Protein chains: 2
Amino acid sequence: MKALSIKDIAVKANVSITTVSFIINGKAKEKSISEAVIEKVEKIIEESGYKPNQIARSLRTGNSNIIGLIVEDISNSFFAKIARLIEDKAYKRGYKIIYSSTENSIAKAQELINMFKSRKVDAYIISPIKGLEEDIQILLNDDKPVILFDRNLPDLSTNYVGANHFSASYQSIENFIEQGKKKIALVTTDIDVQQITERLEGYKKALVDYGLPYDESLVLKIHFNQDEKDTISQMESLFKDQQIDAVLFATNYLAISGLKVLKQIKKQIGADFSVIAYDDHEAFELHTPGISTVQQPLEEIAENVIQLILSQLSSKSKLPNQQIIIPAKLILRD
Amino acid sequence: MKALSIKDIAVKANVSITTVSFIINGKAKEKSISEAVIEKVEKIIEESGYKPNQIARSLRTGNSNIIGLIVEDISNSFFAKIARLIEDKAYKRGYKIIYSSTENSIAKAQELINMFKSRKVDAYIISPIKGLEEDIQILLNDDKPVILFDRNLPDLSTNYVGANHFSASYQSIENFIEQGKKKIALVTTDIDVQQITERLEGYKKALVDYGLPYDESLVLKIHFNQDEKDTISQMESLFKDQQIDAVLFATNYLAISGLKVLKQIKKQIGADFSVIAYDDHEAFELHTPGISTVQQPLEEIAENVIQLILSQLSSKSKLPNQQIIIPAKLILRD
DNA sequence: TTGATGTAGTAAAACGATTTACTATAACCA
DNA sequence: TGGTTATAGTAAATCGTTTTACTACATCAA
């Protein structure tokens, strides 16, 4: 049982294919199709359950109503939640999302971009990694809307939506210092992206502003896709060897590993030892004691991303690039 | 700068479009194209960076190399993780995933199926809800591979991959009973799917087998998409009013809400009060004390789903339906 | 020499829509 | 009356592939 085509509808209604097409696309009025014909055709479409073949449509019009979403790892709760919000909002506007995870591999990301390109996606939402600049520039040269989020590539002039990581990190350290902490560690990753660098910069600046020394041995840079076992042993030695009284984790999965370590070595979080995690997670709220976190405004990020995409898609002239920086919130728990 | 087409390549190589197409699709040998021509064309393709337009390809061949994935909520960590595993495995075999969340709405799920249909996805992976039987049957009549996972629809004869929920639930209760628990509660949802019903059945059966009474007031059925506030207050009264000494949560998000309640009302988990959660979550491992959980074998589920899809896609004759039930593991923590 | 078989390749139809340029009739006005 | 405009609609080109059916020539066997 083959699917119905526009031709079948045309034959049934005894009108031309063109007429049916005009009606489907709401151009009937402007193309002066009579009310009677419109009704007849619509009735037939309704009754037969005909749905236009989107592939044929895409081939002809050159756009697919699909938005490509490229993230580091869709199973990370931060990306999963953003993806869900973006999907919802896109869906309401008639766009579908097709996504993939890069696993922080440039090669995989490039492949993905090519794949999306050959599928003629209308726009790209990318949480990029360094090394992708050229590939993204090609998309931009093609006049495809590209929105970077979470991470920026400063060499590229395009749209970006992200949180103010510098200030969030600064505030976190400030909070530690106000509690009287002296030896504050930072556990971060070695991914070379602005968003991560900013977190380090905020950390440094806060220390300096409050007259504390910046001590490199208190900054642990975890290699981005190493085994969790190694991560855990690195953190273990950091926490054991140094007289640390506070630690800021620069990502939620690092914080989760970190909390596992603390549990293992039975180090109590409390008055003597404070923790702040980056990006909220159910585990932080439920933890005893509750773990303070830097909360990125997911809803706002998603909304801004979609707004940027839609305004670009609907305007034929190139819009000026926007860099939208949204403040992150420090949620204190005890 | 328009993208290159097969025609551009044909002109450059001074051969016909047909020849180029044969070469691209590895049919050169069988169509007796000379080695010299093959090399020439491949060189030009390589140098020009030509990539076939997948849309045109799909239109002609009727398949898209896209697999549609429909889940309840992609931001739920269970689905996010499964999605990531499925995506990885599909990607390695040249398939892309396009996904969407149903939010447990039949209407949305139907819309999604239609959307996927008009996009000509090659196969469907669906975590279904009741009320979708007819729509899925239509796909089956169309000879499209459909794999249900996590939840089954018994009225439908198709492929299914899921965990053994009855036995997992039974074991959990058994474990409570062996610890000497007498008043064991079950917090579940009112979604009417087999997977949820089985968890209830396992609960009942274990009680009966061990000579404990089945008490309806100990089973709390939470309405599936109600506000978390309401859920929390319902659980609160369950935990406060009854002399419960153990509780099994039938989903991970219910367990998370439940743990919040326990924290709020300062009820300690320990010797007097045991908890088991369904579907693991980082929060359970980190919780103090650690929360025991029923772990579904995500990797195995994903692998079986993909295997089923691929074998269906590669065989032209209809394969017999398979129901793959994988044991879930009870992970005890303290 | 003829018919069969193999080699090397091509022309054109088809997939299912959109869109441009066109026709035919009616209505209107000066 | 004839020219213009509005109304109602259609034929055919097009998007970029795949695939079927074909041609043209060479070789071989009988």
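Everything quoted here is computed from the prediction, not taken from an experiment.
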Sort me out a list of protein N/O and nucleotides 20-25 of chain C N/O pairs below 3.5 Å, or just none if empty.
none

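Comparing dA17(C), dG9(D), dA13(C) by their closest approach to the side chain of V37(A) singles out dG9(D). Of the candidates dA17(C), dT17(D), dT10(D), the closest approach to any side-chain atom of V15(A) belongs to dT10(D). The S16(B) side chain lies nearest to dA11(C) when the options are dT19(D), dA8(D), dA11(C). For S32(A), whose side chain is taken as the heavy atoms from C-beta onward, the closest listed nucleotide among dT18(D), dA8(C), dT7(D) is dT7(D). If you check dT10(C), dT7(C), dT14(D) against the side chain of T19(B), the one that comes closest is dT10(C). Nearest nucleotide to the S5(B) side chain, out of dG9(C), dA17(C), dG16(D): dG16(D).
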### Task
Go through the steps to decide whether K43(A) and E47(A) satisfy the test salt bridge (Lys or Arg N to Asp or Glu O under 4.0 Å), and finish with yes or no.
CA-CA 6 Å; K43(A) 184 144 170 274; E47(A) 280 169 0; 3.6 Å; yes
### Task
Decide yes or no on side chain to side chain contact (heavy atoms under 4.5 Å, CB included) for I24(B) and R57(B), but give the supporting numbers first.
CA-CA 12 Å; I24(B) 291 172; R57(B) 220 173 220 188; 3.4 Å; yes
### Message
Between Q322(A) and Y160(A), does the side chain to side chain contact (heavy atoms under 4.5 Å, CB included) criterion hold? Intermediate values first, please.
### Response
CA-CA 6 Å; Q322(A) 290 191 50; Y160(A) 169 71; over 6 Å; no
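For dT18(D), the base has a donor-acceptor partner in the side chain of R60(B) [N/O atoms by modelled type, under 3.5 angstrom].
We find that CD1 of I6(B) is positioned 12 Å from P of dT10(C), with the value rounded to whole Å. The nearest whole Å value for the distance from the NZ atom in K51(A) to the C1' atom in dA17(C) is 16 Å. Remark: P of dT7(C) and CD1 of I38(B) are 13 Å apart, rounded to the nearest angstrom. The distance between atom NZ of K29(A) and atom C1' of dA8(D), rounded to the nearest whole Å, is 14 Å. The CD1 atom of I55(B) sits 14 Å away from the P atom of dT18(C) (whole-angstrom rounding). The distance from atom CD of Q54(A) to atom C1' of dT18(C) is 13 Å, rounded to the nearest whole Å. When the C1' atom of dA6(D) is taken as reference, atom CD of E30(A) falls 15 Å away, rounded to whole Å. Straight-line distance from the CG atom of N63(B) to the P atom of dT17(D): 16 Å, rounded to whole Å.
With hydrogens and angles left out, the side-chain atoms of K12(A) and S48(A) include no donor and acceptor closer than 3.5 Å. In this model, no donor atom of one side chain and acceptor atom of the other lie less than 3.5 Å apart for S21(A) and T18(A). A donor-acceptor contact closer than 3.5 angstrom is absent between the side chains of E72(B) and N76(B). Judged purely by distance below 3.5 Å, without hydrogens or angles, the side chains of E87(A) and S101(B) pair a donor atom with an acceptor atom. Counting only N and O atoms by type, the side chains of D155(B) and Q137(B) include no donor and acceptor under 3.5 Å apart.
Checking the phosphate oxygens (OP1, OP2) of dG16(C), no side-chain nitrogen or oxygen of Y50(A) falls inside 4.0 Å.
Between Q110(A) and L132(A) the shortest side-chain heavy-atom distance falls below 4.5 Å.
If T61(B) and N25(A) are placed on DNA chain C by their nearest nucleotide, the residue sitting closer to the 5' end is T61(B). Each of L59(B) and V20(A) has a nearest nucleotide on DNA chain C; the 5'-most of these lies closest to L59(B).
Around the CD atom of E134(B), the shell of radius 6.0 Å holds no more than 12 heavy atoms that belong to other residues, nucleotides or ligands. Surrounding CD of E46(A) are at most 12 heavy atoms belonging to other residues, nucleotides or ligands under 6.0 Å away.
Ring-centre distance between Y99(A) and Y99(B): below the 6.0 Å cut-off.
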### Query
Along nucleotides 23-28 of chain D, 5' to 3', which nucleotides get a B, which get an S, and which get a -, given that the test is a protein heavy-atom distance under 4.0 Å?
------
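Classified by interplanar angle (parallel below 30°, tilted 30° to 60°, perpendicular above 60°), the ring pair F79(A)/F149(A) is perpendicular.
For DNA chain D, no neighbouring residue in residues 114-124 of chain B is found when judged by any heavy atom under 4.0 Å.
At a threshold of 4.0 angstrom between heavy atoms, the contacts of K27(A) are confined to the sugar-phosphate backbone, with no base atom among them. Residue contacts for I24(A): at a heavy-atom cut-off of 4.0 Å it reaches no nucleic acid atom on any strand shown. Nucleic acid contact class of S34(B) (heavy atoms, under 4.0 Å, all strands): sugar-phosphate only.
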